[in-house]
Protein chains: 2
Amino acid sequence: MICEVIAVGTELLLGQIVDTNRAWLGEQLALAGIDVHRGQTVGDNQARIVASIREALERADAVLLCGGLGPTHDDITREAIAEVLGVPLVVDDEVVARITAMFEARGRRMPENNLRQAMVPAGATAIADPQPGTAPGLICPVGPGGGKVIYAVPGVPREMKAIVSDAILPDLRRRAGTSASIVSRVIRTWGESESGLAERLADRIEALDRTGNPTIAFLASGIEGLKVRLTAKAGDEATARALLDAEEAEVRTILGPLAFGIDDDNMETVVAAALAARGWTLGLAESLTGGLMAARLTDVAGVSEVFRGSVVSYASDIKFDILDVPEGPVVSAEAAEAMAAGARKLLGCDVGLAVTGVAGPAEQDGQPVGTVFVGMAVGEEPPTSRHLRLPGDRRSIRELTVISALDLLRRRLLEEPAG
Amino acid sequence: MICEVIAVGTELLLGQIVDTNRAWLGEQLALAGIDVHRGQTVGDNQARIVASIREALERADAVLLCGGLGPTHDDITREAIAEVLGVPLVVDDEVVARITAMFEARGRRMPENNLRQAMVPAGATAIADPQPGTAPGLICPVGPGGGKVIYAVPGVPREMKAIVSDAILPDLRRRAGTSASIVSRVIRTWGESESGLAERLADRIEALDRTGNPTIAFLASGIEGLKVRLTAKAGDEATARALLDAEEAEVRTILGPLAFGIDDDNMETVVAAALAARGWTLGLAESLTGGLMAARLTDVAGVSEVFRGSVVSYASDIKFDILDVPEGPVVSAEAAEAMAAGARKLLGCDVGLAVTGVAGPAEQDGQPVGTVFVGMAVGEEPPTSRHLRLPGDRRSIRELTVISALDLLRRRLLEEPAG
């Protein structure tokens, strides 16, 4: 069963809004076992919408149009579907009654325009939005055999999701006659390039290519590392999840500490959880990151249990006066270590983590742009530091510094038994 | 001149990532006067990419492929273009040299895979990413006449944007031979709703509707306020810019201090410039924002002239011990004022700015989620504070706090003569 999604709306082509519907629909269709090979985006032009639908029907069993069902003159998805099917638009009295009742319930006059939404291609079924909203979705069987189908849903994400979940996915599953469950899981990694991960996992990928189930894929997440997505298919969900569990264990064995979490985990939630598991508190001293590391940590709800604060020492004399850093070059291992020890003491924590470096645009203390020192002070241990060389522009260097420093802390925490 | 954008990547069809590139490209193409009628999304399948390109070439003068230029086995945009053009892939020695040098500069081993990125369809021009990055873009003239063209850019937004701005838009404009100059400018505003702005500007909008040039449009930027976009068209760029200048002056007169900047200005660049113009330095004390305000300010290159640092006092006792806040409720006007004065003194600055409040999920000190106090201490003046009630979830409240506090500082700075 192949489905093609056509997003309708000139505002999408002009870039006035980002199409988030396609990703949501893609995920739902994939999870339902429906194949999606191509997608289209088309403006509010009837001839072009008609051409898009005809082309999609050549390639796919089902075509899902998203958008263009509203009340205004440029909402012409209904007209385009009727043209493709060679049928007239007819008034659906139930939809009229529902729209009228909704306006009455809100005590508002119904603009005449809204009755446009009660026009449906002859032979189609209107799907009421289960939540309040005026535009119904449409299920339009194609041809007398009814082998193919055109669906239409409003572009408003809330209405679209409700109609797709409640009516269209069940209809698609029924037509496809699929009983397979498809589940997926993302393993988040940090510290290796895409090609490097591919080399490490080459044998595993080859083995999976032979069976085709589970499958493995890499997704770049920009500055946030790479994701390894595992997808498994089985007759029922429990079996599919068991396949995923087994594959996750295989991949984690190969990747070791490169794998830092799964699915919605990110570096800061993982670090916060690791600190909490050990009952440790954290304080920061930040120079080039200027508060970015503290901002990311405090994005985690409940982090106040483990995070005490940060000294953003952007000016050098703040490092000397407040953090007790010895006078001298502030982009150095010595400064990073003194900052970490100073933050730990001043903020009264178990661990002090500090970063100092050159984000650019100009070099500093004779050090090139991208030079970063990460300092760490754990309890009464002597502070330690790491020297990093980070690529990219100012923003990239700052963000890479944050995630690199948090990753170093994560790896240090792995050495301690969790409570 | 019609351009069709094809987004390449199975991850887009499966909904693993949201395609934000299409909107950005759509906006840039529209501003360049290039028409976009249709768009496609296609998976990492050579036959389907080839079919997509062929169909797009039937309808459009230029086809822009986005994605599938990376180093791995499923990056096959290069191969698909070569098949459409009926040419072989050849090694581009310059690209090889550049990729090799980049890995050497980072002190990392280059995985063999990366050389795939140096293969280009014969007759195509490789466009180096002006910032470090390995995938070059491609300009591939179609056929001997060279009337049509295929472009390819990486899917990574930063690399895509750089290559499109620097090489592809100029090439498109040249091919389009557009003589009309279309220029636009965005006036950034903060502190008024879209309908409120529309009311204030109603007369101006009506006047512009009569002439049709310049035009005016509103763009929501989420948490960052609203943008008022002015677009002017003329026979040459100087005339178009003069139209814009005149219209900007009209709109600024109407909006007054609601307008805080233009185009790439944001609240932090404007605040940094206003501090610099007065020779003032700034220090922060942040509670609920946890470093976010400092992080935004330090995103501005050269901000070290005016920004000294921040104390992120997430734990209450850090407020009492380090910032000299009197014991008592920390979500209060008194605490915000004491934090501002404490930060000014500790960090040795002209202005101390402080925020304390409840980002949620739970209430604190008997104050509901969304309660925020902004404190400001300027020189020897007694510190002042403002009480805000902000909407939304934890993330929204934190971000609104930052921009609201910076806006209060901006308005205070407007009261002082600039040097």
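Throughout, a chain's letter reflects where its sequence line sits, starting with A, and its residues are numbered from 1.
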Worksheet item: Does a donor on one side chain sit under 3.5 Å from an acceptor on the other, for A:S396 and B:R158?
Response: no

Item to complete: Flag the pair B:D299 and A:R394 as a salt bridge only when some basic side-chain nitrogen lies within less than 4.0 angstrom of an acidic carboxylate oxygen.
Response: no

Worksheet item: Does the distance from a Lys or Arg side-chain N to an Asp or Glu carboxylate O, for B:E55 and A:R38, drop under 4.0 Å?
Response: yes

Discussion item. I need the minimum non-hydrogen distance between A:G291 and B:A294, along with the two atoms involved.
Written reply: CA-CB, 4.4 Å

Worksheet item: Which pair of heavy atoms, one from A:L13 and one from B:G39, lies closest together, and at what distance?
Response: CD2-N, 4.1 Å

Most heavy-atom pairs under 4.5 angstrom with chain A, which of [options]?
{"options": "B:A30, B:S52, B:G43, B:S304", "value": "B:S52"}
{"options": "B:Q40, B:R296, B:R398", "value": "B:R398"}
{"options": "B:T281, B:N45, B:V42", "value": "B:V42"}
{"options": "B:G290, B:G309, B:A217", "value": "B:G290"}

Find out whether [X] and [Y] are in side-chain contact, i.e. whether some heavy atom of one side chain is under 4.5 Å from a heavy atom of the other.
{"X": "B:R22", "Y": "A:T41", "value": "yes"}
{"X": "A:Y314", "Y": "B:L297", "value": "no"}
{"X": "B:R308", "Y": "A:D317", "value": "yes"}
{"X": "B:I318", "Y": "A:L347", "value": "yes"}
{"X": "B:I322", "Y": "A:I322", "value": "no"}

Worksheet item: Passes side chain to side chain contact (heavy atoms under 4.5 Å, CB included), B:V18 versus A:V18? Steps please.
Response: CA-CA 8 Å; B:V18 169; A:V18 168; 3.8 Å; yes

